[in-house]
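Could you have a look at this structure, given as structure tokens, before my questions?
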Amino acid sequence: METNAFASLATIRLPSPCRLLSSACCPDKDLIVLISRLGGRDKLSLWKLQGSKKWEVDIVEDDDTSAMVAALSWSPSGQTIAAVRDSARITLHSVQDGHIERWLSIPFCETVPPVAGVWWFPGHHASTNGVIPDIFKRNGVKTGSALSILKILPLLDHLKANGEIMTATDLFAFQGTQTRLASQQTTPTVIQQWPTLVPILEDASIAPASQSHNAHDKMEDPESSVQAREDEDSLLTMVDGRGVLHCFLDGSHFLGSVALPDGLPSVTSFKHPSKPLIFLHPQPLNSDLLLTGMQPLVVDIPLLATPRVRDFARLSSAARELTWYLMRVINEVRDGWFGSESFTGARDIGIKWVQALERRLREQYGHQNPDVVLDLTTLLVAGSGSEGLTDFITSSEQNSERNLQKWDSSVTESLTRIRDYATTRIIPAFQRLHIILDEILGWSHMSQSMLFGLRTEYVDSCLKMIERGIFISSWLADEARRELGAFKEFLSFIRHETMVANPSAESHTIPDHDILEVNGYLISGLITSKIDEWFTGSPPQFNPGDLASFEPPQSSGRTFDEVLQLARAALQDPSQTSWQPRESSKDFSHLDKNLEALIEETASRCQRVFAEVSRAAARSATVSVDGGASPPQASSVLTEGVCHFVRQRVVSNQNEPDQHLQYLAVHVSSEGQALLCMSQMPYGRYVAGIHDEVQVSVLECSVSEFGGEDSVDIDVLDVEFFDDETLILVFQAKEMEGAIYVATVNYTTLGYHKLQSERYVSGPARRDMMASVLHRLKEGHLPCSPIPITKCRRLSGCKSGSVSVAVNGRVGRRVVCVLDGDGMTMEVLDMEGEEQEGEEESEAEMEDVGT
């Protein structure tokens, strides 16, 4: 037997002990993920198969506490890595640099269950042959729908994230010398728990990132579109230790949770390629590996087969982006007006100016309770103010032209931002959100959408809140416009009085301010501003229609001709025209106008609407437990054998009842003899009662002697299914000085023998099958032969001890990675290609990834 059959790509000496999970290999690139632990926390690192490390990131929680990686899974496109922490939170990392693209958590999950497994299944894409291509590039958007309307509307201005804001340090500090703080924008809980797909800003009618990157974006469009196509309709699933299945559409949009019978988790999972069927094998964690059903537990999610789920998901994603847009805009407006921890708001400058004047009057002129507004009003009306006010105007630093200019620019910028943002960002965003909720309201009246749990009255209340938000925002823009004009008049008054108090030959003392406007700003604007009402108080509850002041006049009984004659008479004789009685205007000062609170309440209500809709898929799920899929205690006790590990693979086979065949590789020890038992049987939803087709092949743990005909006993270290025909076997020869070998076995051509249908066949667990196999083997009814190895290679890096194996049997990426027991050495084998060609191909691939 040849011991150098495969090409060795690399032998990687790792800087620290690492863990290798079976799902670590990238499906379509020469990349692998390793997990190391240093300083009490896990690190995720991406390596080229040739031995160079691309990046490494820490695995931490939001509060900077350490976390452990429990499971990994790659997206179908190979561009995203899903890392599941021991806290059952999922982080999606970019393959480019490892940064976290999205956080996924289980809503309303108070306890932290252990993780049994995570799997990311590709979506089913029907063949497009014979179908008219989408020449209009609608991307699945139906004409006349809310998304189609949003697509033709002008795009809202892009809001910069924290990472896009350039500071003075970034611009002027020497590269590598400045200290970078890990500033993270705090995302509200309501936005974090909002079910959403991968954000597409164009769906929400929001402009993407800076227009300066348009050319670069266009270059990346083909690649990003291919990635989106591969990940579209994919399903990320996770099973926790409580036996609950959690599903995410496209690896992002939460579809709800399905409780498995008896609360038993599953460590294996398979999804039907074209149907919304998930096959699981529940078993208690850390229990006997064979204590699971012969046939799977089937979870059917029929709503996933309908396009309505994705339609709702896209609307939910667009509504989330618009709501998050509103919250960020109102936060920016509030910070500009009230200030934040890093800068002083425009609102505080006037208050500090008044406080400085009060301090001057109190400390230098003995005023116990100075009334600044009264002094300024006296100066405005009479043209002469108190001695202290005159001294403050002429000599105070706060009244210097530089500070007045700063005051002017700050308040002008803030009020202009409030006015412009209210009219160009907040109101349009509310209007676009109204379009989405209006379509949801229409769906709530349809009987076909009953399963989605839409409550018409609740959606209607959200629409009324949005309409109230549009009215309040328009009111805010008008108030900001009015206050800006009054502030300009007030500042003109202060500048005029400063020039009067400091006369010069070039100064002009002719006042150009409006006294009424200045007086209005002194009463409302200088110390207390009406703008504050849009950021304080309770959310508004009034109906905008109830604020109308117009009342239809009472009919006088005159005809239209008589009214015209009276009008002509009034034109001929003006004395007939009398003063009309003054209409008293309504007072709206008692109304709540807190726009920020209204946006938060709107976000909370809308989030509940879409969260209820998103879980409809899980509510439609049915769990089938036919064929003993929910394992109680096995009917037979495997007292004469010990199971070391079990590997499972489901392959497509058109000759089977449900077109799938299940293979099992079970490594057991019985009466001092190590065995590798291979079994095959029909697999699927409709084969739960078929037990006569179970076939097994028992192999003793020995191989043909190297260069001879005798067999050599081996220790099987690990086994992994490579593809639909090949099994990867990692073993250690007992008589070859502890050398470790990687071999391939064609498991489809083994001599399988049908097991007779007896008591074990109707048993609930795989343990019953193994008990029968060992019993028949002991009685001589089943043959046992050495493992028929086809190819083999001796490892140079892994010398002894246990190993971890990760394989990629995809065409063009057929590699096997073996990590030694110390976690310090990993050897990578190319199972079919030339070593030189494999290196060149991988180098080209990594150049693409880096780009």
Of the non-hydrogen atoms in L31 and L49, which two are nearest, and what is the gap between them?
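Minimum heavy-atom contact is N-CG, 4.0 Å.
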Could you tell me whether the side chain of L235 reaches within less than 4.5 Å of the side chain of C247, counting heavy atoms only?
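Side-chain contact under 4.5 Å: yes.
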With a 4.5 Å heavy-atom cut-off, do V698 and R776 have their side chains touching?
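SC-SC contact between V698 and R776 ruled out.
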Side-chain heavy-atom pair T744, L727 within 4.5 angstrom cut-off
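The answer is no, as the side chains (C-beta and beyond) never meet within the 4.5 Å cut-off.
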For S702 and I714, which heavy atoms make the closest approach, and how far apart are they?
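Smallest interatomic distance, heavy atoms only, reads N-CG1, 3.9 Å.
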Any idea which heavy atoms bring P276 and P302 closest together, and the distance?
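Scanning both residues, the minimum pair turns out to be CG-CA, 4.3 Å.
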Residue pair V299, L277: steps toward the side chain to side chain contact (heavy atoms under 4.5 Å, CB included) verdict
CA-CA 6 Å; V299 180; L277 302 176; over 6 Å; no
Just verifying a value: how many Å separate E720 CD and L729 CG, rounded to the nearest 0.5 Å?
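So the CD of E720 and the CG of L729 are separated by 11.5 Å.
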Short side-chain to backbone donor-acceptor contact, D250 and S252, under 3.5 Å
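No; zero donor-acceptor contacts below 3.5 Å.
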Sub-3.5 Å donor-acceptor pair from the side chain of R814 to the main-chain atoms of G809, do we have one?
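Yes.
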Please check if the side chain of D42 supplies one atom and the backbone of V69 the other of a donor-acceptor pair under 3.5 Å.
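Yes.
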Taking salt bridge (charged side-chain N to carboxylate O under 4.0 Å, His left out) as the cut-off, I'd like each qualifying pair that reaches into residues 675-684, sequence neighbours left out, listed once.
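Not a single pair qualifies under salt bridge (charged side-chain N to carboxylate O under 4.0 Å, His left out).
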Under a 3.5 Å distance rule, please check whether R649 uses its side chain to pair with a backbone N or O of D723 as donor and acceptor.
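A pair under 3.5 Å: yes.
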ring-ring contact (aromatic ring centres under 6.0 Å, His included) between H272 and H660, intermediate numbers included
CA-CA 9 Å; H272 196 283; H660 287 93; 5.1 Å; yes
Report the C-alpha separation of L676 and F731 in whole Å, then their side-chain angles, then the decisive distance to 0.1 Å, and conclude whether the side chain to side chain contact (heavy atoms under 4.5 Å, CB included) test is met.
CA-CA 12 Å; L676 181 63; F731 65 90; over 6 Å; no
Could you tell me the separation between the OG atom of S785 and the CG atom of L750, rounded to the nearest 0.5 Å?
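Here the interatomic distance stands at 7.5 Å.
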If you round to the nearest 0.5 Å, how far is CD of E827 from CZ of F6?
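Output value for this atom pair is 12.0 Å.
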Quick one: does any side-chain atom of D830 pair with a main-chain N or O of A7 as donor and acceptor, under 3.5 Å?
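No, the answer is negative, given that no donor and acceptor are paired below the 3.5 Å cut-off.
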Taking atom CG of L255 and atom CG of L303, what is their separation to the nearest 0.5 Å?
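Answer rounded to 0.5 Å: 9.5 Å.
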Counting distance only, does the side-chain N/O of T292 pair as donor-acceptor with the main-chain N or O of H281 below 3.5 Å?
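Here the side-chain-to-backbone pair exists.
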Can you give me the closest heavy-atom contact between P786 and E700, atom names plus distance?
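Closest approach of P786 to E700: CG-OE2, 3.6 Å.
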side-chain contact (heavy atoms from CB on, under 4.5 Å) with L661: which of T748, V651, D724?
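Passing option: V651.
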Taking all heavy atoms of C677 and all of V773, pick out the closest pair and write down the distance.
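Heavy atoms of C677 and V773 come nearest at SG-CG1, 4.2 Å.
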Does a side chain donor of either Q283 or R766 reach within less than 3.5 Å of an acceptor in the other side chain?
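Note: Q283 and R766 side chains miss the donor-acceptor criterion.
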Could you walk me through whether S804 and D718 pass side chain to side chain contact (heavy atoms under 4.5 Å, CB included), step by step?
CA-CA 7 Å; S804 301; D718 204 348; 5.7 Å; no
State, with a plain yes or no, whether a side-chain heavy atom of L795 is found less than 4.5 Å away from one of L829.
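They are in contact (side-chain heavy atoms under 4.5 Å apart), so the answer is yes.
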Return the orientation label for the Y683 and F270 ring planes: parallel under 30°, perpendicular over 60°, tilted otherwise.
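Ring orientation of Y683 relative to F270: perpendicular.
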Can you tell me how far apart OG (S23) and CH2 (W120) are? Round to the nearest 0.5 Å.
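Between S23 OG and W120 CH2, I get 12.5 Å after rounding to 0.5 Å.
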Over all atoms of both residues, closest heavy-atom pair of M824 and L819:
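For M824 versus L819, the nearest heavy atoms are N-CD1, 4.4 Å.
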Do T825 and R13 get their side chains close enough for a donor-acceptor pair, meaning under 3.5 Å?
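On atom types as modelled, these side chains qualify, holding a pair under 3.5 Å.
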Would you say S257 and H246 are linked by a side-chain donor-acceptor pair, where the criterion is simply a distance under 3.5 Å?
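Result is yes, a qualifying pair exists.
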N/O donor-acceptor pair under 3.5 Å between S22 side chain and A806 backbone
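Checked: no pair found.
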Using atom types as modelled and distance alone, determine if a side-chain donor or acceptor of D820 lies under 3.5 Å from a backbone N or O of V803.
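It does not hold such a pair.
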Less than 4.5 Å apart, any side-chain heavy atom of R19 and any of S36?
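Of all side-chain heavy-atom pairs linking S36 with R19, none is under 4.5 Å.
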Could you tell me whether the side chain of S772 and the main chain of M769 form a donor-acceptor pair under 3.5 Å?
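Not a single qualifying donor-acceptor pair exists.
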Intermediate values then yes/no, side chain to side chain contact (heavy atoms under 4.5 Å, CB included), M770 and C643
CA-CA 9 Å; M770 286 305 304; C643 179; over 6 Å; no
Got a donor-acceptor contact below 3.5 angstrom from the W74 side chain to the A82 backbone?
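No; zero donor-acceptor contacts below 3.5 Å.
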Which value, rounded to the nearest 0.5 Å, describes the distance between R85 atom CZ and M68 atom CE?
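CE of M68 is found 12.5 Å from CZ of R85.
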Taking the side chain as C-beta and beyond, is there a heavy-atom pair between K778 and E671 under 4.5 Å?
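Answer yes - side chains close enough.
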Classify the ring geometry of H644 against H667: parallel below 30°, tilted from 30° to 60°, perpendicular beyond 60°.
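Geometry flag for H667 against H644: tilted rings.
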Report yes if the side chains of C817 and C25 come closer than 4.5 Å at any heavy-atom pair, otherwise no.
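C817 vs C25: side chains touch.
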Any idea how Y747 and F721 line up, ring-wise: parallel (<30°), tilted (30 to 60°), or perpendicular (>60°)?
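Because their plane-to-plane angle is over 60°, the rings of Y747 and F721 count as perpendicular.
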For the residue pair T790 and N746, confirm or rule out a side-chain donor-acceptor distance under 3.5 Å.
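N746 and T790 do not have a side-chain donor-acceptor pair below 3.5 Å.
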Does the side chain of C784 come within less than 4.5 Å of Q673's, by heavy atoms?
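Yes. Closest side-chain heavy atoms under 4.5 Å.
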So, applying side-chain contact (heavy atoms from CB on, under 4.5 Å) with L675, which one of V666, L699, V716, L774 is it?
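Exactly one candidate clears the test, L774.
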If we count only N and O atoms by modelled type, under 3.5 Å, do the side chains of W103 and S105 hold a donor and an acceptor together?
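W103 vs S105: no donor-acceptor pair found between side chains.
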